[in-house]
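Presented below is the structure to which this report refers.
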Amino acid sequence: MNERELISLLKKKDREAFKIIVETWQGMVYNTALGILQSEEDAEDISQEVFMQVYESISSFKEESKFSTWLYRITISKAMDHIRKKKRKKRFAFIQSLYGKDNEVKIDPPDFFHPGVNLENKENAAILFKAIEKLSENQKTAFVLSRIEGLSYNDIGEIMAISDSAVDALLQRAKKNLQTNLKSYYQLHEA
Amino acid sequence: MSEKIFKKIEDAMQSIDGIKKASPAPYFFTRLEARMQNEKNWWIKITEFLAKPSIAFASICLIVMINAIVIFSSSKAKNTASTQNNELASIDEYSQVSATLFEYENVKP
C-alpha cells in the first residue's frame, strides 16, 4: 500500500491504515520530539498527541506537501507548545518560591542522555543538549532537524516554510550561540 | 579563550556526530490506542452525564434564570439612567445649580 492509499483510507477512519501510518512514522516523530523536548516521557506523550491529531484532522491534509512534512510540522508545533507550557509553570513556581520558604538557588545540571549517543560521548552530549535547550525556537528547530534528524537544508526549509539560505543562516547562528553557551558553561565549571 | 576550553567546546559540538535515531518503547500503537479510547470514553461520559433528563432540565433552568437576571438588571439600570437624565433636565430648566465650596468662599460684595 502506498502513502496516498494509506492517507485516503485514513480519511475513512480505517484502523489498519492508521496502524501502518503510526508504525511507519513513529520513529521519526519520536526522535524529533525527543531532540526538542529532551525527555523520553514528554517525547512519548507528544508523539501520541501528534498521531491523535493526525487521526482527527487528516481531512484537513490537502496533500500539497509531503505527508512527512505535515507530520514534522505538527510534531514541532506540539513540542514547542509543551515547552512554553513548562516554562510558564517554572516561572509560576519561581514566583511562588520568592514568597515561600523554598528560596534556595537551584542549579540545573545537564541531565538528558540521548539514547542514540555513543557511550564515550555521553557526558559531552548532555552538556551540548543543555546548550541546545537555551537556543531560540527557530534555531533549535533547525538544529534538531539538521543534526538529530539528519535532514537536508531543502527539507528543513520546506518544514519551516523558509528558503535554503535562511536555513543556513539559522544554523550558523545556532552554532555560534551554542559555542557561546558552552564557553560560559565551561568557564563556570573551570573556576 | 584557553586552549583547554576551546578543545572542550569542539568535543561537545562533535559529540552528536553519527547520533543514532531514537525510537519509542515497544507497543507504542497499543498505548496510543488505549489513550485514544480513554479520551473517547471521557467525552462519552460527559455527553451521557449532560444528556440525563434531570441534568438537562436543571441546565436549561439555570440558563433561563441567568438570562432573566441579566435582562432584569439591564432594564433596572436603564430606568435609573433615565431618572437621572430627567433630574438633570429639571435642574437645567430651573437653574438649580448647587453651589460649590469655591462659590461660598468667594462671595462677591
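First the proteins, then the strands, lettered A, B, ... as listed; each starts at 1.
Between the side chain of A:S57 and the main chain of A:V54, no donor-acceptor pair closer than 3.5 Å is present. Judged by distance alone, with hydrogens and angles left aside, the side-chain atoms of A:S146 form no donor-acceptor pair with the main-chain N or O of A:A142 at under 3.5 Å.
Using a 4.0 Å cut-off between charged nitrogen and carboxylate oxygen, B:K7 and B:E10 do not count as a salt-bridge pair. Taking 4.0 Å as the cut-off between side-chain N and carboxylate O, A:D81 and A:K78 do not count as a salt-bridged pair.
Here the straight-line distance linking atom NZ of A:K130 with atom CD of A:Q38 works out to 7.0 Å at 0.5 Å rounding. One finds the OG1 atom of A:T75 at 10.0 Å from the CG atom of A:L37 (value rounded to the nearest 0.5 Å). Atom CZ of A:F143 and atom CD1 of A:I156 lie 10.5 Å apart (nearest 0.5 Å). A distance of 7.0 Å separates CG of A:D155 from OG1 of A:T69, quoted to the nearest 0.5 Å. Expressed to the nearest 0.5 Å, how far CG of A:L145 lies from OG of A:S152 amounts to 10.5 Å. Note that CD of A:E137 is 10.0 Å distant from OG of A:S77, once rounded to the nearest 0.5 Å.
Below 4.5 Å, heavy atoms of chain B meet heavy atoms from A:G116, A:V117, A:N118, A:N121, A:N124, A:A125, all part of residues 116-126 of chain A. Within residues 26-37 of chain B, the residues having any heavy atom closer than 4.5 Å to a heavy atom of chain A are B:F28, B:F29, B:R31, B:L32, B:E33, B:R35, B:M36, listed by residue number. Within residues 3-23 of chain A, the residues having any heavy atom less than 4.5 Å from a heavy atom of chain B are, in residue-number order, A:R15, A:F18, A:K19, A:V22, A:E23. Using a 4.5 Å heavy-atom cut-off against chain A, the contacting residues of residues 11-24 of chain B are B:D11, B:A12, B:M13, B:S15, B:I16, B:D17, B:I19, B:K20, B:K21, B:A22, B:S23, B:P24.
A donor-acceptor contact under 3.5 angstrom links the side chains of A:Y72 and A:E149, judged on distance only.
By number of non-hydrogen pairs under 4.5 angstrom with chain B, the leading residue of A:T32, A:N31, A:I148 is A:N31.
Side-chain contact between A:K140 and A:I83: present, with at least one pair of heavy atoms (C-beta onward) separated by less than 4.5 Å. Residues A:F129 and A:I132 have side chains in contact (heavy-atom distance under 4.5 Å, counting atoms from C-beta outward).
Residue A:D45 touches chain B through both its backbone and its side chain, counting heavy-atom pairs closer than 4.5 Å. When heavy atoms are compared at a cutoff of 4.5 Å, A:I127 does not approach chain B at all.
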Next item on the list: Apply side chain to side chain donor-acceptor pair (under 3.5 Å) to the pair A:Q53 and A:E49, showing each step before the final yes or no.
Entry: CA-CA 6 Å; A:Q53 189 174 331; A:E49 281 182 23; over 6 Å; no
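Hydrophobic clustering (ILVMFWY, side-chain heavy atoms < 4.5 Å, transitive): A:Y30 and A:F113 are in distinct clusters. B:L62 and B:V70 fall within the same hydrophobic cluster, defined by Ile, Leu, Val, Met, Phe, Trp and Tyr side-chain heavy atoms under 4.5 Å apart, directly or through other members. B:I55 and B:I46 fall within a single hydrophobic cluster, where Ile, Leu, Val, Met, Phe, Trp and Tyr are joined by side-chain heavy atoms under 4.5 Å apart, directly or via other members. Residues A:F67 and A:M1 share a single hydrophobic cluster, defined by chaining ILVMFWY side chains whose heavy atoms lie under 4.5 Å apart.
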